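Presented below is the structure to which this report refers.
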Amino acid sequence: MANHSVLLASFFFFLLHFGAEAATITVKNNCPRTIWPATLTSGPGQPQLSTTGFELAPGASKSFNVPAPYTGRVWARTQCSNNGGRFTCLTGDCGRGLSCNGAGGVPPVTLAEFTIASNGGQDFYDISLVDGFNIPASITTQGGTGPCRSSNCRANVNRVCPTELQVKSGNEVIACKSACLAFNQPRYCCTGEFNDPNKCKPTKYSMIFENQCPEAYSYAYDDKNSTFTCNNRPNYLITFCG
């Protein structure tokens, strides 16, 4: 009975401090093909969401609650199949099946990133191509106060991806690597002596991403016009291919 009481107390503490502050994230598929979105919670001590992977047909959407505070990401896996009981995807695969359960997607992949504040504070969100690109994505807010602008990469970067960055399935370019992923050099990854915003500058490769999607992160220190904010508990809509 004592253990039951402790569990009830913990449950009501969670509702009081987290449940009431939950934001709703809706993921919509505007792509002509089925996608398999996934989530990863990365904030210290924060549990994974109840939804860490799901299938989304063209035109379909799915909503889920995110407790505040929350730090994490959402991405879309593409061209997935379940052969012999093993679920795998050609882009964004997390290696754990349909539900990623704490595993991230293998780059290159387009990321929707969030830091959601508690108590109606300031949220931060962005579309990141630092890990490369697989499909277009956008984030729009619903409610909230402040700038609350849309963050997006609506262009299909795969169409202009140079050969040395391409990921292909047959003759189709299905993803575009970042230069960091392709070459693993400090000047592209902003590591080592380049781990400094004054030393790690745009390159000819990051500018490909920047020119296609100027409101998305194109490399690690691309902070100008790439991070967006909204206050007072907005909800969010992530649209893939739109």
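All of these numbers come straight from a predicted model, not from anything done at the bench. Atoms considered below: every heavy atom in the structure, side chains included; atoms not considered: hydrogens, waters and symmetry mates.
- At distances below 3.5 Å, at least one donor-acceptor pair connects side-chain atoms of D93 with backbone N or O atoms of C89.
- A ring-ring contact (aromatic ring centres under 6.0 Å, His included) check over residues 126-172, counting only residues at least two apart or in different chains, returns nothing.
- Sulfur-sulfur distance for C190 and C180: not below 2.5 Å, with no disulfide indicated.
- Between V167 and P108 the shortest side-chain heavy-atom distance falls below 4.5 Å.
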Next on the checklist: Run the side-chain contact (heavy atoms from CB on, under 4.5 Å) test on F64 and T39 for me, step by step, so that the C-alpha distance in whole Å, both residues' side-chain angles and the decisive distance to 0.1 Å come before the verdict.
Outcome noted: CA-CA 11 Å; F64 48 88; T39 70; 3.8 Å; yes
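- Side-chain contact between P37 and W75 is absent, with no heavy atoms from C-beta onward closer than 4.5 Å.
- Screening residues 175-204 for ring-ring contact (aromatic ring centres under 6.0 Å, His included) gives F183-Y188, F183-Y205, Y188-Y205 as the qualifying pairs, with residues at least two apart or on separate chains.
- T26 and S61 share no side-chain donor-acceptor pair at under 3.5 Å.
- Proximity of a side-chain donor or acceptor of S81 to a complementary backbone N or O of N83 within less than 3.5 Å is not detected.
- You'll find the side chain of V27 reaches within 4.5 Å of the side chain of F54, heavy atoms only.
- Between atom CG of residue N195 and atom SG of residue C189 there is a gap of 11.0 Å, rounded to the nearest 0.5 Å.
- Residues T239 and L237 form a side-chain contact, since some pair of their non-hydrogen atoms from C-beta on lies under 4.5 Å apart.
- Residues D223 and Y217 have side chains that bring a donor and an acceptor to within less than 3.5 angstrom of each other.
- Here the shortest heavy-atom pairing between L129 and C213 reads CD1-CB, 4.1 Å.
- Judged by distance alone, the side chain of N29 and the main-chain N or O of G59 form no donor-acceptor pair under 3.5 Å.
- Nearest approach of A220 to V130, heavy atoms of both residues: N-CG2, 4.0 Å.
- Atom CG of N184 sits in a sparse spot, with 12 or fewer heavy atoms from other residues, nucleotides or ligands closer than 6.0 Å.
- Just one residue in the list I35, L98, V109, T88 forms a side-chain contact (heavy atoms from CB on, under 4.5 Å) with R77, and that residue is L98.
- Separating the CZ atom in R187 from the NZ atom in K201 is a distance of 15.0 Å, to the nearest 0.5 Å.
- Between R33 and E172 there is a salt bridge, since at least one side-chain N of the basic residue sits less than 4.0 Å from a carboxylate O of the acidic one.
- Contact check for T41 versus Y70: side-chain heavy atoms found under the 4.5 Å cut-off.
- Within the 6.0 Å centre-distance limit, the rings of F114 and Y236 are counted as a close aromatic pair.
- Between P69 and S118 the shortest side-chain heavy-atom distance falls below 4.5 Å.
- Hydrophobic clustering (ILVMFWY, side-chain heavy atoms < 4.5 Å, transitive): F209 and Y219 are in distinct clusters.
- Between A112 and I139, the shortest heavy-atom distance links the atoms CB-CD1, 3.8 Å.
- Residues L111 and L165 do not share a hydrophobic cluster, defined by chaining ILVMFWY side chains whose heavy atoms lie under 4.5 Å apart.
- The backbone N or O of N101 sits less than 3.5 Å from a side-chain atom of T52, completing a donor-acceptor pair.
- Of all heavy-atom pairs between S226 and A216, the closest is OG-O, 3.5 Å.
- Checking side-chain atoms of N134 against main-chain N and O of A76 turns up a donor-acceptor pair under 3.5 Å.
- Expressed to the nearest 0.5 Å, how far CZ of F124 lies from SG of C230 amounts to 11.5 Å.
- Annotation: side chain of P202 is not in contact with side chain of E210 (no heavy-atom distance under 4.5 Å).
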Checklist entry - What's the verdict on side-chain contact (heavy atoms from CB on, under 4.5 Å) for T115 and D123, showing C-alpha distance, side-chain angles and the deciding distance? => result CA-CA 6 Å; T115 298; D123 294 356; over 6 Å; no
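- Scanning for side chain to side chain donor-acceptor pair (under 3.5 Å) contacts around E215 gives R149, N152, with sequence neighbours left out.
- C100 contributes atom SG, which lies 8.0 Å from atom CG of L40 (distance to the nearest 0.5 angstrom).
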Item to check | Trace of the side-chain contact (heavy atoms from CB on, under 4.5 Å) decision for T91 with Q79 | outcome: CA-CA 7 Å; T91 74; Q79 300 194 38; over 6 Å; no
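- Remark: side-chain polar atoms of Q46 are paired, donor with acceptor, to backbone N or O of T71 under 3.5 angstrom.
- No donor-acceptor pair closer than 3.5 Å links the side chain of R73 to the backbone N or O of E113.
- Not one N or O on the side chain of T24 forms a donor-acceptor pair closer than 3.5 Å with the backbone of N65.
- When the side chains of ILVMFWY residues are joined at heavy-atom separations under 4.5 Å, either directly or via intervening members, V106 and V74 end up in two distinct hydrophobic clusters.
- N119 places no side-chain N or O within 3.5 Å of a backbone atom of G121 that could act as its donor or acceptor partner.
- Between F87 and C80, the shortest heavy-atom contact is CZ-CB, 3.6 Å.
- The distance from atom CD1 of I135 to atom OG1 of T110, rounded to the nearest 0.5 Å, is 6.5 Å.
- Distance alone, capped at 3.5 Å, is enough to place a donor-acceptor pair between the T141 side chain and the C148 backbone.
- The distance from atom CD of Q48 to atom OG of S50, rounded to the nearest 0.5 Å, is 11.0 Å.
- Under the 4.5 Å side-chain contact rule for hydrophobic residues, V66 and F228 share a cluster.
- Of all the heavy atoms in I127 and C153, the pair that sits closest is CG2-CB, 4.0 Å.
- Counting heavy atoms from C-beta on, the side chains of I25 and I238 come closer than 4.5 Å.
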